Amino acid sequence: MTTPSLETARRLLREFPVVDGHNDLPWALREQVHYDLDARDIAHHQNAHLHTDLPRLREGGVGAQFWSVYVRSDLPDAVPATLEQIDCVRQLTARYPDQLRLTLTAAEMEAARADGRIASLMGAEGGHSIANSLGTLRGLYELGVRYMTLTHNDNVAWADSATDRPAVGGLSEFGREVVREMNRLGMLVDLSHVAATTMRDALDTSQAPVIFSHSSARAVCDHPRNIPDDVLERLPANGGIAMVTFVPKFVLQAAVDWTAATDENMRAHGLFHLDTTPQAMKVHQAFEERNPRPVATVATVADHLDHMREAAGIDHLGIGGDYDGTPFTPEGLDDVSGYPNLIAELLERGWSTADLAKLTWQNAVRVLGAAEDVARDLQGKRGPSNATLEELDR
């Protein structure tokens, strides 16, 4: 049933569509069909296989998408695998030019919106994708990558992850150099997945706004993937944004405990705990039949946004659903068509249309533009860094 709030949400999204910070469609295409785009033609509904396709992106009011060019941190050849992920995004934008447009700048995001295209940007998820090489970092930027998450679930040699044992205590000196070089390039520093110590070190180092491409509030759900209040409170001074994620195990405390049990079950079956292949999903389903899954809702996510607005302010919030990177989603946010439901919930909680325009579109575009401004200034002062891990972290 369509409510007045839902109709208002849809009208708002036609003018200020969602910039989503993180979608793992490229990895899902790799895992399911090894990039055979005919086998998963997203011009048509792919409800049986994916959270994401073009009809549902349109239904959800998505105007810009950071496609994650994620690769697993345990892959022995992370760099070529990342290049394949980038190639997948480029294939998608070439295949659907009437719907998607590869964009590299804030101005190009605005132009794509004006032309009725979904701006398609790329984010590399995990510093393992540069193999400790600033030259590789620059190569990813030249190929169109506009943010890099400093770690994924495992530490890298120069930065601690939220879900690994502390090793360097945040960022090492080479890690700080990675942040400085990202600033010089205009590549956004993404602090989702990193340890709180790494968040604080990155904020101490970065001259440009940072982002959390898909993270929620630790005060609302105590999971290490979420953002502590002291970090949220630093975003106004930095200018960055925290993009709330929808993953139930990061937003609902009961789901945190349940997920720990499911992960153990996956490992007991010899499977990677983030596996979303058909075989893995059968294992998930069998476990869930025996142990009903706690269900997050639109209201659960809205609770995080209410808290994050209080801690960081409306100018420092965004949305990063993590679709096709999670086997489970909240009720009402089942796939990329669900964003209007979240906006309607926030309207009913008293969020103004001006607030929501910032949340959906304006904040993310501003942050990318600000990173570009910092880069122009820094490029006038210094050239590329050729520092190495061995030199700086002896």
Side-chain angles (χ1 to χ4, degrees), residues 68-71 73 78-80 82-83 86 104 122-213 215 231 234-235 237-241 367-368 370-394:
S68 177
V69 292
Y70 157 80
V71 302
S73 54
V79 175
T82 302
L83 298 180
I86 292 169
L104 304 177
M122 289 183 279
E125 190 175 18
H128 58 285
S129 291
I130 65 169
N132 303 328
S133 164
L134 296 179
T136 301
L137 176 72
R138 290 188 286 273
L140 295 187
Y141 182 84
E142 290 299 320
L143 290 171
V145 173
R146 287 300 178 266
Y147 76 64
M148 183 175 74
T149 321
L150 299 186
T151 73
H152 191 244
N153 289 337
D154 301 314
N155 297 339
V156 293
W158 42 270
D160 285 346
S161 167
T163 49
D164 202 348
R165 294 174 181 269
V168 298
L171 284 176
S172 72
E173 187 51 45
F174 182 75
R176 292 183 178 87
E177 188 71 358
V178 170
V179 169
R180 287 189 284 264
E181 188 65 6
M182 291 173 73
N183 288 171
R184 194 193 66 83
L185 289 169
M187 184 185 289
L188 291 164
V189 176
D190 178 22
L191 301 180
S192 287
H193 279 287
V194 307
T197 50
T198 305
M199 297 175 194
R200 296 175 187 119
D201 283 353
L203 284 165
D204 289 343
T205 306
S206 183
Q207 294 180 252
V210 304
I211 67 167
F212 291 82
S213 66
S215 294
V231 174
R234 292 185 62 178
L235 286 179
N238 168 264
I241 55 171
V367 164
L368 182 58
E372 294 164 14
D373 292 341
V374 170
R376 278 189 289 271
D377 179 61
L378 293 176
Q379 288 168 19
K381 297 176 179 176
R382 66 174 188 263
S385 172
N386 292 307
T388 67
L389 179 76
E390 293 75 17
E391 289 170 350
L392 295 184
D393 288 351
R394 285 182 294 198

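Computation of the quantities below employed the complete heavy-atom set of this structure, encompassing side-chain atoms and omitting hydrogens, waters and symmetry-equivalent molecules. In this text the structure is predicted, and so the values were computed from the model without any measurement. If you read the sequence from its start, that first residue is 1, and numbering goes on from there.
We find the CG-CG distance between Asp204 and Asn238 to be 10.5 Å, quoted to the nearest 0.5 Å. Between Trp158 atom CH2 and Thr151 atom OG1 the span is 8.0 Å, to the nearest 0.5 Å. Once rounded to the nearest 0.5 Å, the distance linking CZ of Arg394 with CZ of Phe174 reads 13.5 Å.
The minimum heavy-atom distance between Leu389 and Ala157, with the atom names listed, is CD2-CB, 3.9 Å. The two atoms that bring Ser192 and Ser213 nearest to each other are OG-N, 3.1 Å, heavy atoms only. Across all their heavy atoms, Glu125 and Thr149 have their closest contact at CA-OG1, 3.5 Å. Nearest heavy-atom pair, Ala371 versus Ala208, reported as atom, atom and distance to 0.1 Å: CA-CB, 4.3 Å. Closest of all the heavy-atom pairs between Leu188 and Pro209 is CD2-O, 3.7 Å. Here the shortest heavy-atom pairing between Gly127 and Val156 reads C-CG1, 3.9 Å.
When atom types are taken as modelled, the side chain of Asp154 and the backbone of Ser73 share no donor-acceptor pair closer than 3.5 angstrom. Between the side chain of Glu173 and the backbone N or O of Leu392 there is no donor-acceptor pair closer than 3.5 Å. No donor-acceptor distance shorter than 3.5 angstrom exists from the side chain of Arg138 to the backbone of Leu185, with no hydrogens or angles considered. Looking at Asp160, its side chain never comes within 3.5 Å of a backbone N or O of Asn155 through a donor-acceptor pair. In terms of modelled atom types and a separation under 3.5 Å, the side chain of Gln379 and the main chain of Arg184 share a donor-acceptor contact.
When only modelled atom types and interatomic distance are considered, Ser206 and Asn183 share a side-chain donor-acceptor pair under 3.5 Å.
When Leu134, Asp190, Val189 are each tested for a side chain to side chain contact (heavy atoms under 4.5 Å, CB included) with Met182, only one passes: Val189.
Ring planes of His193 and His152: tilted class, angle from 30 to 60°.
In the displayed structure, Arg165 atom CZ is contacted under 6.0 Å by at most 12 heavy atoms of other residues, nucleotides or ligands.
Leu150 has its side chain within reach of Leu191: a pair of non-hydrogen atoms, C-beta onward, lies under 4.5 Å apart. Between Val69 and Leu83 there is no side-chain heavy-atom pair separated by less than 4.5 Å. Inter-residue side-chain proximity for Glu391 and Glu177 is flagged as unmet; no heavy-atom pair is nearer than 4.5 Å. Proximity of Val231 to Arg200: side-chain heavy atoms (C-beta onward) are separated by under 4.5 Å at one or more points. Contact check for Leu137 versus Met187: side-chain heavy atoms found under the 4.5 Å cut-off.
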Item to check | Candidate pair Val178 and Met148, rule side chain to side chain contact (heavy atoms under 4.5 Å, CB included), full reasoning | outcome: CA-CA 10 Å; Val178 170; Met148 183 175 74; 3.9 Å; yes
Item to check | Asp201 and Val179: CA distance, side-chain angles, deciding distance, side chain to side chain contact (heavy atoms under 4.5 Å, CB included) verdict | outcome: CA-CA 10 Å; Asp201 283 353; Val179 169; over 6 Å; no
Item to check | Chi angles and distances behind the side chain to side chain contact (heavy atoms under 4.5 Å, CB included) call for Leu368, Tyr147 | outcome: CA-CA 9 Å; Leu368 182 58; Tyr147 76 64; over 6 Å; no
Checklist entry - Hey, mind stepping through Asn132 and Thr388 against side chain to side chain contact (heavy atoms under 4.5 Å, CB included) and telling me if it holds? => result CA-CA 7 Å; Asn132 303 328; Thr388 67; over 6 Å; no
Checklist entry - Arg176 and Asp393: salt bridge (charged side-chain N to carboxylate O under 4.0 Å, His left out), yes or no, with the steps? => result CA-CA 11 Å; Arg176 292 183 178 87; Asp393 288 351; over 6 Å; no
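Judged as a ring-ring contact (aromatic ring centres under 6.0 Å, His included), and not counting sequence neighbours, Tyr141 has no contacts. Residues passing the side-chain hydrogen bond (donor to acceptor under 3.5 Å, both in side chains) test with Thr82, sequence neighbours excluded: Ser129.
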